[in-house]
Amino acid sequence: MFRPKLPTMPQPTGLVTPPAVVVEPTTITPAASPVAPPAPTAPVSSRPAVQLTPGSALALVGGGTAVVLVVGAVLVSMLLAVAITAASVAVCAIVVRSLLTRR
């Protein structure tokens, strides 16, 4: 059950010969004059450049602050929920222990 099943390799049924490959030599003739590669050109962007105005920079800072505050509030609320749950479980454990020791 825990051993892997390894596939078995099938055996060839007869003589297998590789196909014949014919290699023909080629001659290389040098060019009369070397051709210079074309000069690289920078691609032209169709999008305009992003320009930050003071108003848009202020909006970005305000948006970032809002995101940080919302994420912080969510994390604090989750931590508070865990703390309240732990405290209620501890109170339940104390009550159950006191009930069991009275018997």
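Reckoned from all heavy atoms, side chains included, excluding hydrogens, waters and symmetry mates.
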Report the hydrophobic cluster partners of V71, with the cluster defined as I, L, V, M, F, W, Y residues connected by side-chain heavy atoms closer than 4.5 angstrom, directly or transitively.
V67, L75
For residues S77 and V74, report the shortest heavy-atom separation together with the two atoms involved.
OG-O, 2.7 Å
List in chain and number order the residues that pass side-chain contact (heavy atoms from CB on, under 4.5 Å) with T8, two or more places apart in sequence or in another chain; answer none if no residue qualifies.
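With neighbours one apart ignored, the set is empty.
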To the nearest 0.5 Å, tell me how far L52 CG sits from L58 CG.
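It comes to 11.5 Å.
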Taking atom CG of L99 and atom CD1 of I94, what is their separation to the nearest 0.5 Å?
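Rounded to the nearest 0.5 Å, the CG-CD1 separation comes to 12.0 Å.
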Using the side-chain hydrogen bond (donor to acceptor under 3.5 Å, both in side chains) criterion, which residues pair with T53? Sequence neighbours excluded.
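Partners of T53 by the side-chain hydrogen bond (donor to acceptor under 3.5 Å, both in side chains) criterion, ordered by chain and then number, come out as S56.
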